[in-house]
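Have a look at the structure below before the remarks.
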Number of protein chains: 2
Amino acid sequence: MSDESGGEFPVGMPRNYLRPCLLLLLAEGTSHGYELLEQVAALGLGRSDPGRVYRCLRAMDEDGLVHSVWTPSATGPARRTYALTDEGRDWLDALAGSLAEVSRALGGYQRRYKRLVKQDETAR
Amino acid sequence: MSDESGGEFPVGMPRNYLRPCLLLLLAEGTSHGYELLEQVAALGLGRSDPGRVYRCLRAMDEDGLVHSVWTPSATGPARRTYALTDEGRDWLDALAGSLAEVSRALGGYQRRYKRLVKQDETAR
DNA sequence: TCGTGTATGTGCACCATACACTTAGCCCGC
DNA sequence: GCGGGCTAAGTGTATGGTGCACATACACGA
């Protein structure tokens, strides 16, 4: 309870949520790990660690959902730039559908919870 | 893609989703594991295995969120009947709040995804 | 007595996640 | 020129939830 010290969710985001997040961001535009790391925060992943993002990108690369190219940078070290493949785009659509199902289930939970709270109030 | 053979979500439900589910069901009424096992399916957990449910109930018992009593059954073996504690009720409220946050994040994702799809259509 | 349904559990391996740590290039100030 | 800070990309490892298989036991009917 009270959940001080950082505000971590007692329940986490959906399993593998990072994958659809990265696919969505890459569908919006080619990017590299370090930049994606900052952008995923806006999708509900607060301050997720670099290792997680880099490993996920690697795995999707091996799965053929994205492909990467080393690109030099004028302002720092070289970047591994990622772009979405056609298969990755298909996966994005599929994962977005799955997330919609999760969202629906969560909506059902909320309705049921609110009904319970209302019953408790009237019974009080 | 295509996801034959059972229809498992490519992305799963939130981590620890079973806990708020069981707490909600127990808030609606005292019950036992085998019955809860069937009821959680309605909350979005399709055919979750018994072991998971029993282990979760045990863990919550040790955490003091529920307490259990052995009750004989006329139609079969004895049941371990669970009831919600005050602390369990507090946790239910907290977890429901967390799930609401998750739900909000997922809503944001969906909006962003749909915007992308629309852009793709107009650009086609 | 053997199978079926109810009811509760354990064993184990896998995998995502969390957290800590490392490497390396570039630039700026001292 | 040298140290520190920022950018950028990783690796190592422990933990913990989950999936799947398996074990146990009671009741009841064929």
Side-chain angles (χ1 to χ4, degrees), chain A residues 5-22 30-41 43-63 66 68-82 95 98 102, chain B residues 5-22 30-41 43-63 66 68-82 95 98 102:
Chain A
S5 78
E8 200 63 66
F9 287 157
V11 296
M13 295 301 289
R15 257 159 111 59
N16 287 322
Y17 182 53
L18 186 55
R19 265 174 114 97
C21 281
L22 292 174
T30 292
S31 186
H32 58 99
Y34 192 81
E35 195 181 29
L36 292 166
L37 179 63
E38 294 164 349
Q39 294 177 337
V40 288
L43 292 170
L45 283 325
R47 66 161 207 6
S48 64
D49 75 309
R52 197 179 151 205
V53 170
Y54 289 123
R55 260 189 269 254
C56 190
L57 287 169
R58 256 327 169 67
M60 292 197 295
D61 199 345
E62 285 167 11
D63 290 349
V66 298
S68 62
V69 178
W70 281 102
T71 53
S73 167
T75 66
R79 301 161 173 171
R80 188 188 281 259
T81 304
Y82 288 91
L95 292 176
S98 291
V102 172
Chain B
S5 79
E8 199 64 65
F9 287 155
V11 295
M13 296 300 291
R15 260 159 107 64
N16 287 322
Y17 182 52
L18 186 55
R19 264 173 115 100
C21 282
L22 291 173
T30 292
S31 185
H32 58 98
Y34 192 81
E35 195 180 29
L36 292 166
L37 179 63
E38 296 164 350
Q39 293 177 336
V40 287
L43 274 323
L45 283 326
R47 64 157 208 9
S48 64
D49 77 308
R52 194 178 153 207
V53 170
Y54 289 122
R55 258 190 271 254
C56 189
L57 287 168
R58 254 331 167 65
M60 291 196 296
D61 199 346
E62 284 167 12
D63 290 348
V66 299
S68 61
V69 179
W70 281 103
T71 52
S73 166
T75 66
R79 299 162 175 172
R80 188 189 280 261
T81 303
Y82 288 90
L95 291 177
S98 290
V102 173

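For A:Asp49 and A:Arg55, the salt-bridge test fails: no basic side-chain N is under 4.0 Å from an acidic carboxylate O. By the 4.0 Å N-to-carboxylate-O rule, A:Asp63 lies too far from A:Arg58 to be salt-bridged with it.
A donor-acceptor contact closer than 3.5 angstrom is absent between the side chains of A:Thr81 and A:Thr30.
At whole-Å resolution of the value, OH in B:Tyr17 and P in D:dG19 are 14 Å apart. Summarising the geometry, the separation between CG on A:Asn16 and C1' on C:dC15 is reported as 9 Å, rounded to the nearest angstrom. Atom pair A:Asp63:CG and C:dA16:C1' shows a separation of 14 Å (rounding to whole Å applied). Separating the CG atom of B:Leu57 from the P atom of D:dT18 is a distance of 13 Å, rounded to the nearest angstrom. The distance from atom CG of A:Leu18 to atom P of C:dT17 is 7 Å, rounded to the nearest whole Å. Atoms CG (A:Leu22) and P (D:dA9) sit 13 Å apart, rounded to a whole Å. Atom CD in A:Glu62 sits roughly 14 Å away from atom C1' in D:dG10 (whole-Å rounding). Here the P atom of nucleotide D:dG19 and the CE atom of B:Met13 are 12 Å apart, to the nearest Å.
If A:Arg55 and B:Asp49 are placed on DNA chain C by their nearest nucleotide, the residue sitting closer to the 5' end is B:Asp49.
When all heavy atoms are compared, the tightest approach of B:Ser98 to A:Pro10 is OG-CD, 2.8 Å. In plain terms, the two heavy atoms of A:Leu18 and A:Cys56 that are nearest each other are CD2-CB, 3.8 Å. Residues B:Leu45 and B:Arg52 share a closest heavy-atom pair of CD1-NH2, 4.0 Å.
Comparing the helix axis at one end of the helix from C:dT1-D:dA30 to C:dC30-D:dG1 with that at the other, each defined from 5 consecutive pairs, gives an inter-axis angle of 10° (nearest 10°).
The phosphate of D:dG19 (OP1 or OP2) has a side-chain N or O of B:Arg52 nearer than 4.0 angstrom.
Between A:Val53 and A:Leu57 there is a side-chain heavy-atom pair separated by less than 4.5 Å.
Side chain of B:Tyr17 to backbone of B:Leu43: a donor-acceptor contact under 3.5 angstrom is found.
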Could you list, one pair per line, each protein nitrogen or oxygen that sits under 3.5 Å from a nitrogen or oxygen of nucleotides 5-9 of chain C, together with the distance?
from  : atom 1 : to      : atom 2 : distance (Å)
C:dA7 : OP1    : B:Arg79 : NE     : 2.6
C:dA7 : OP1    : B:Arg79 : NH2    : 2.2
C:dT8 : OP1    : B:Arg80 : N      : 2.7
C:dT8 : OP2    : B:His32 : ND1    : 3.4
C:dT8 : OP2    : B:Gly33 : N      : 3.3
C:dT8 : OP2    : B:Tyr34 : N      : 2.6
C:dT8 : OP2    : B:Tyr54 : OH     : 3.2
C:dG9 : OP1    : B:Arg58 : NH2    : 2.9
C:dG9 : OP1    : B:Arg80 : NE     : 3.0
C:dG9 : OP1    : B:Arg80 : NH2    : 2.9
C:dG9 : OP2    : B:Arg80 : NE     : 3.1

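Going from atom CH2 of A:Trp70 over to atom CZ of A:Arg80 covers 5.0 Å, rounded to the nearest 0.5 Å.
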